[in-house]
Student: 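If you scroll down you'll find the structure; I have some questions about it.
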Protein chains: 2
Amino acid sequence: MTARRAGLREQKKQATREALRTAALRLALERGPDNVRVDDIAEAAGVSPRTYNNYFPSREHAIVAAVTGEREARIAAAVADRPDGVGLADAVVEAIVDQYTAPDEPARDALLLITTRPTLRDAYVEAASAIEHPLTDAIAERLGDTDPHTARVLATSVAAAVRLALQQWLHATAASATAGGLVVPSGSLPDLLRATLAPLAPALDAAEQRARRHPHR
Amino acid sequence: MTARRAGLREQKKQATREALRTAALRLALERGPDNVRVDDIAEAAGVSPRTYNNYFPSREHAIVAAVTGEREARIAAAVADRPDGVGLADAVVEAIVDQYTAPDEPARDALLLITTRPTLRDAYVEAASAIEHPLTDAIAERLGDTDPHTARVLATSVAAAVRLALQQWLHATAASATAGGLVVPSGSLPDLLRATLAPLAPALDAAEQRARRHPHR
DNA sequence: GCCAAAAATTGCGTGCACGCAAGTTTGCGT
DNA sequence: ACGCAAACTTGCGTGCACGCAATTTTTGGC
């Protein structure tokens with residue numbers, strides 16, 4: 001009767017996960033991303049190298065996870081929190097923009113690190129896929145659970161659009177990096193996100209109208 | 001001098017590429033996918049193992065490429081070929097459905113092979129991403145090049161939806177016995193594709209209307 | 001408290017992706 | 001025809017992902 005049902009185990013797992021990604025980012029910042037082996041990360045976190053891959057499927061994932069954190073959960077919550085008066089499209093777009101503008105999000109030097117290495121950039125972009133499932137639930141909630149399939153399609157498409165926006169954003173900043181000057185990667189990501197998600201708004205609106213016309217219960 | 005300009009080199013490259021993917025599929029079918037090393041494929045195609053990875057980024061890609069072939073190009077062409085009277089949404093959806101129903105597409109035993117191994121399934125699904133760029137061009141063409149950004153977003157979303165449909169299709173056919181599938185009754189892929197792309201139709205239509213209202217040239 | 005089952009960690013072995021720095025082939029200008 | 005430059009291939013070395021089976025740790029029932 002100590003902790004919650006099956007709780008202490010999970011707690012420890014989250015602890016090592018946290019230790020791993022923190023160590024990964026710290027080492028990458030200290031030595032540069034190419035001079036940190038997965039063995040180093042494992043050692044710094046006090047686990048075996050093999051265990052590392054029980055937590056992260058690749059070397060890059062840990063570093064990226066240190067930056068992205070629990071963003072997917074926060075986005076889902078943010079969508080759910082918008083008042084019902086707000087249209088679905090606006091709710092989704094603004095929730096996403098908010099989370100990508102969150103105070104701790106930048107972590108300037110970490111993002112700068114990521115932009116330098118192509119494999120890290122890819123992993124960072126790919127990490128946005130994690131919003132798919134939480135977002136599916138959030139959208140399904142808003143649509144009244146009438147059609148889970150539609151919710152999945154929309155969430156998938158939104159996630160894809162977000163990845164596209166991130167890709168273009170990083171590509172732009174990388175290009176301007178070679179052009180000289182310090183590259184604080186703030187070419188207005190919010191604007192880019194909004195512009196990229198805009199074409200999907202009609203699809204979100206249409207789904208919302210349909211749901212309104214066929215209320216579920 | 002019968003070959004096209006700057007053609008002989010490229011011709012050879014396509015030949016080895018073809019040889020590699022053919023060999024990969026043949027060997028996988030003969031021995032089972034787990035009993036074929038990349039060295040074997042390379043040897044069967046008469047190139048060095050290192051060269052294999054100059055053509056395909058992973059072992060699975062060659063096998064999958066043998067099945068998917070040049071689908072992405074065919075889809076783009078199919079979109080372009082639809083008469084102008086047809087709406088953009090219909091043009092895209094039907095072009096995709098057509099290509100995934102092409103006569104040689106199934107290759108029954110090959111697809112069966114793919115469904116068995118998770119890594120192959122993933123690669124097969126992922127391969128659908130290749131339609132993104134050709135589809136972007138095709139859509140941009142139909143929209144009159146007014147806004148390339150919108151075309152990219154739409155193509156990206158469509159590709160994501162196609163991946164989703166394939167994923168569900170493969171998942172359904174794999175676990176048809178266990179679950180009491182409350183999702184789409186796992187039936188024909190065309191139906192699943194149409195159902196999955198349907199929620200995006202409003203976005204495609206809206207873009208088309210906008211383009212019609214602001215003709216470019 | 002104690003023990004058996006479940007779950008997580010670990011070491012090992014294997015195949016693989018890929019950078020790099022030779023070698024080799026192709027194509028083009030003169 | 002000739003030779004040079006660019007493109008492609010190859011061998012090598014390194015780090016990595018991951019299946020498997022043995023081991024250690026956690027948990028819940030008694």
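The model shown is predicted, which means the values in this text are computed figures rather than measured ones. Sequence lines set the chain letters: A, B, ... in the order given, protein chains first and strands last, and positions in each chain run from 1.
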Student: Rounded to whole angstrom units, what separation is found between the OH atom of B:Tyr52 and the P atom of D:dG11?
Tutor: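 Rounding to the nearest Å, OH of B:Tyr52 and P of D:dG11 are 17 Å apart.
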
Student: Report the C-alpha separation of B:Arg74 and B:Gln99 in whole Å, then their side-chain angles, then the decisive distance to 0.1 Å, and conclude whether the side-chain hydrogen bond (donor to acceptor under 3.5 Å, both in side chains) test is met.
Tutor: CA-CA 7 Å; B:Arg74 282 183 281 139; B:Gln99 291 309 320; 2.9 Å; yes

Student: Dump every N/O contact between nucleotides 20-25 of chain D and the protein below 3.5 Å, one line per pair.
Tutor:
none

Student: Which listed nucleotide (D:dC8, D:dA17, D:dT10) is nearest to the side chain of B:Tyr55?
Tutor: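 Among D:dC8, D:dA17, D:dT10, the one nearest the side chain of B:Tyr55 is D:dC8.
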
Student: Output yes when a side-chain donor or acceptor of A:Asp191 lies under 3.5 Å from a complementary backbone atom of A:Ser188, and no otherwise.
Tutor: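 No, the answer is negative, given that no donor and acceptor are paired below the 3.5 Å cut-off.
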
Student: So, the side chain of B:Thr51 versus the backbone of B:Val47: is there a donor-acceptor pair under 3.5 Å, distance only?
Tutor: no

Student: Considering just the side-chain nitrogens and oxygens of A:Thr51, establish if one lies under 4.0 Å of OP1 or OP2 belonging to C:dT10.
Tutor: yes

Student: How many Å lie between CD on A:Glu60 and P on D:dC16, as a whole number?
Tutor: 9 Å

Student: B:Asp40 CG to C:dT14 P: how many Å, rounded?
Tutor: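 In whole Å, C:dT14 P and B:Asp40 CG are 16 Å from each other.
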
Student: Quickly work out the B:Asn53 CG to D:dT9 C1' distance and round it to whole Å.
Tutor: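 Value for this atom pair: 13 Å.
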
Student: For A:Tyr55, does its backbone N or O pair with a side-chain atom of A:Arg17 as donor and acceptor, under 3.5 Å?
Tutor: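 Yes, the answer is positive, given that a donor and an acceptor are paired below the 3.5 Å cut-off.
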
Student: Any salt bridge linking B:Asp39 with B:Arg59? Criterion: basic side-chain nitrogen under 4.0 Å from a carboxylate oxygen.
Tutor: no

Student: Using five base pairs at each end, measure the axis-to-axis angle across the helix from C:dG1-D:dC30 to C:dT30-D:dA1 and round it to 10 degrees.
Tutor: 30°

Student: Could I get the full list of side chain to side chain donor-acceptor pair (under 3.5 Å) partners for A:Arg142, not counting sequence neighbours?
Tutor: none

Student: With sequence neighbours excluded, what pairs up with B:Thr136 under the side chain to side chain donor-acceptor pair (under 3.5 Å) test?
Tutor: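 So B:Thr136 forms no side chain to side chain donor-acceptor pair (under 3.5 Å) with any residue.
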
Student: Could you list by number each residue of residues 16-28 of chain B showing a heavy-atom separation from DNA chain C of less than 4.0 Å, or answer none if no residue does?
Tutor: none

Student: I'd like to know if the side chain of B:Asn35 and the backbone of B:Arg31 have a donor-acceptor N/O pair within less than 3.5 Å.
Tutor: yes

Student: Could you state the atom-to-atom distance from CD of B:Gln14 to P of C:dT26 in whole Å?
Tutor: 16 Å

Student: With the threshold set at 4.0 Å, does a side-chain nitrogen-carboxylate oxygen contact exist between A:Glu70 and A:Arg21?
Tutor: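 A:Arg21 and A:Glu70: salt-bridged.
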
Student: Of the listed nucleotides (D:dT10, C:dC16, C:dA17), which one gets closest to any side-chain atom of B:Ser58?
Tutor: C:dA17

Student: So, does B:Asp40 use its side chain to make a donor-acceptor pair with the main chain of B:Arg37 at under 3.5 Å?
Tutor: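 Looks like yes, one N/O pair under 3.5 Å.
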
Student: Excluding sequence neighbours, so at least two apart, what forms salt bridge (Lys or Arg N to Asp or Glu O under 4.0 Å) with A:Arg194?
Tutor: A:Glu94

Student: Roughly, in whole Å, what's the span from CG in B:Asn54 to P in C:dT24?
Tutor: 17 Å

Student: Return the value, rounded to whole Å, for the distance between atom CG of B:Asp39 and atom C1' of D:dC12.
Tutor: 14 Å

Student: Rounding to a whole Å, what distance do you find between A:Gln11:CD and C:dA8:P?
Tutor: 15 Å

